[in-house]
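The structure appears right after this line, and notes come after that.
Fair warning: this is a prediction, and the values are worked out from it, not measured in the lab. Throughout, residue positions are numbered sequentially from 1 according to the sequence presented.
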Amino acid sequence: MAENEIIGIANDRAGNIRDYVVVLGGSFGSESAGITALSQDQQRRGSDAASVSVRAQWSSLLSMLQSVPLAVEESDSFAWTLNSTGIFSVASVRMVMEEAKEIAWQSDTISSMITIWALKLPLKIQVFSWRFLTGRLPLRDQLMRRNLPNIVSVNCPFCESQEENLMHLFFECSVVKHLWNRIFVWLGAGQFLSLADFRSFSAIQEKAKSGIIKEKMNIVWISTIWSLWKMRNLMVFENNLYSFDWVFNNVLFFSWRWVSLSHPSTNFCFYDWFKIPLGGVSSV
């Protein structure tokens, strides 16, 4: 063996002998060639280790299946475990879903969701309302708890003085309270309920007796939530400044548009909606 040659002999997992030559110089090649040979061997060894792991898992699976009796003379069949008959039914699935909702959400939340899904609103707005009622909007307090990066501040973008959470952003912020008060006065809802009740979706369902008035108030309430959310996103993602007029005008437009969708056979203009939103019940 030449003085500048190093010859290593190793046994692989199958018991075969492999020779690896690292040539530091001389007629056997360059140093990089020898290092490449060792690198390839390491890859092979890694592959061998993975094969051992797969074989171990396969053996474990076989050992578990050995205790399972198989009826060879019988044909395989499916059984639906959600009812006693073993036969699939939509009613059994619905029952399980209703039970899951009762566990996940309170009864007033479920009732509010049923009301919203019954309204003739764009699907996007219904999904947003569902996320709002179930607390699934990506607000800053939740993002911070999930340790999401690049969250500069947890403060409310409207007042910048308190933490942004669901109740504060939409109801308790001093900026937002002014908006709710203005919409309450414009709507003329004081003859049916208080301002505090108007800010509660479930309270509207309890205290507004007329079906058409309740429907209009529900739509106005949802359009207020939606307009605030749009304003919030403009401020957070596009660095816009808060605009009371922008939010209020959006509430007027969206509510008028969605009430029109609910009653396509009627014809009333935006001016009439602005002047007497709860008036003319018989014609709207």
Side-chain angles (χ1 to χ4, degrees), residues 82-83 89-139 141-142 164-173 176-177 179-181 183-230 232 247 250-252 254-264 266 273 277-278 281 284:
L82 296 183
N83 55 33
S89 68
V90 176
S92 63
V93 178
R94 183 175 181 82
M95 182 178 299
V96 173
M97 293 175 63
E98 292 297 329
E99 292 176 353
K101 287 195 299 184
E102 292 178 0
I103 296 174
W105 304 311
Q106 299 178 352
S107 58
D108 58 341
T109 301
I110 298 175
S111 177
S112 297
M113 290 168 58
I114 294 174
T115 301
I116 288 175
W117 287 115
L119 293 172
K120 293 182 180 180
L121 299 172
L123 179 60
K124 177 176 68 173
I125 305 304
Q126 291 180 320
V127 172
F128 164 78
S129 303
W130 168 77
R131 296 183 68 187
F132 173 86
L133 291 173
T134 56
R136 298 176 182 269
L137 292 179
L139 296 169
D141 63 328
Q142 296 191 23
E164 180 190 75
N165 55 55
L166 191 72
M167 289 302 298
H168 175 81
L169 183 71
F170 291 99
F171 303 107
E172 297 175 354
C173 176
V176 171
K177 285 182 178 180
L179 176 70
W180 280 105
N181 182 66
I183 294 174
F184 180 75
V185 173
W186 159 73
L187 193 61
Q191 53 186 318
F192 307 107
L193 66 171
S194 66
L195 176 59
D197 291 333
F198 176 64
R199 290 161 54 189
S200 170
F201 191 79
S202 58
I204 294 176
Q205 315 316 309
E206 296 175 3
K207 299 190 175 183
K209 303 304 180 182
S210 170
I212 185 65
I213 290 180
K214 183 185 298 184
E215 180 186 30
K216 288 183 176 182
M217 294 178 69
N218 288 338
I219 291 176
V220 171
W221 192 92
I222 294 172
S223 66
T224 303
I225 297 295
W226 173 245
S227 299
L228 284 170
W229 181 246
K230 286 172 64 69
R232 179 263 185 196
V247 180
N250 270 266
V251 173
L252 296 182
F254 285 125
S255 58
W256 167 70
R257 178 59 179 160
W258 297 339
V259 169
S260 301
L261 290 175
S262 300
H263 302 274
T266 61
W273 174 249
L278 296 183
V281 172
V284 179

**Q.** Check: Val176 and Leu169 side chains under 4.5 Å, non-hydrogen atoms
**A.** no
Q. Hey, does Phe128 have a side-chain heavy atom less than 4.5 Å from the side chain of Leu137?
A. yes
Q: Determine yes or no for a side-chain-to-main-chain donor-acceptor pair under 3.5 angstrom, with Arg199 supplying the side chain and Trp180 the backbone.
A: no
Q.
Do Arg232 and Phe170 have side chains that approach each other closer than 4.5 Å (heavy atoms only, starting at C-beta)?
A. no
Q: Output the distance between atom OG (Ser200) and atom CZ (Phe198), rounded to the nearest 0.5 Å.
A: 11.0 Å
Q.
Restricting to non-hydrogen atoms, name the atom on Phe184 and the atom on Leu193 that form the minimum distance, rounded to 0.1 Å.
A. CZ-O, 3.3 Å
(Q) Working note: Trp229 + Phe254, criterion ring pair (Phe, Tyr, Trp, His ring centres under 6.0 Å); need CA distance, chi angles, decisive distance, verdict. (A) CA-CA 13 Å; Trp229 181 246; Phe254 285 125; over 10 Å; no
Q.
Determine whether a donor-acceptor pair (N or O, by modelled atom type, separation under 3.5 Å) exists between the side chain of Lys216 and the backbone of Pro277.
A. yes
(Q) Under a 3.5 Å distance rule, please check whether Glu164 uses its side chain to pair with a backbone N or O of Leu139 as donor and acceptor. (A) no
Q. Any idea which heavy atoms bring Met217 and Ala189 closest together, and the distance?
A. CE-CB, 3.7 Å
Q | Closest contact, heavy atoms only, Ser129 versus Ile222 | A | OG-CG2, 3.5 Å
Q: Report yes or no: does Gln142 contribute a side-chain atom to a donor-acceptor pair with the main-chain N or O of Gly135 at less than 3.5 Å?
A: yes
Q: State, with a plain yes or no, whether a side-chain heavy atom of Ile225 is found less than 4.5 Å away from one of Phe171.
A: yes
Q | Donor-acceptor under 3.5 Å (Arg131 side chain, Arg136 main chain) | A | yes
(Q) Quick check against the 3.5 Å criterion: does Gln126 have a side-chain atom that pairs as donor or acceptor with the backbone of Leu119? (A) yes
Q.
Between Phe201 and Ile116, does the side chain to side chain contact (heavy atoms under 4.5 Å, CB included) criterion hold? Intermediate values first, please.
A. CA-CA 10 Å; Phe201 191 79; Ile116 288 175; 3.8 Å; yes
Q) Atom CD1 in Ile212, atom OG in Ser262: separation rounded to 0.5 Å? A) 8.0 Å
Q) Between OG of Ser255 and CD1 of Ile183, what distance do you get to the nearest 0.5 Å? A) 8.5 Å
Q. Do the side chains of Val259 and Glu215 get nearer than 4.5 Å, heavy atoms only?
A. no
Q.
Distance check, rounded to the nearest 0.5 Å: Leu278 atom CG versus Leu187 atom CG?
A. 4.0 Å
Q: Look at the side chain of Asn181 and the backbone N and O of Lys177, then say whether any donor-acceptor pair between them is shorter than 3.5 Å.
A: no
Q: Quick one: pull up CD1 in Ile213 and CG in Asn218 and give me the separation to the nearest 0.5 Å.
A: 12.0 Å
Q: State, yes or no, whether a side-chain contact exists between Trp256 and Leu261 at a heavy-atom distance under 4.5 Å.
A: no
Q | Close side-chain approach of Ile204 and Phe192, heavy atoms under 4.5 Å | A | no
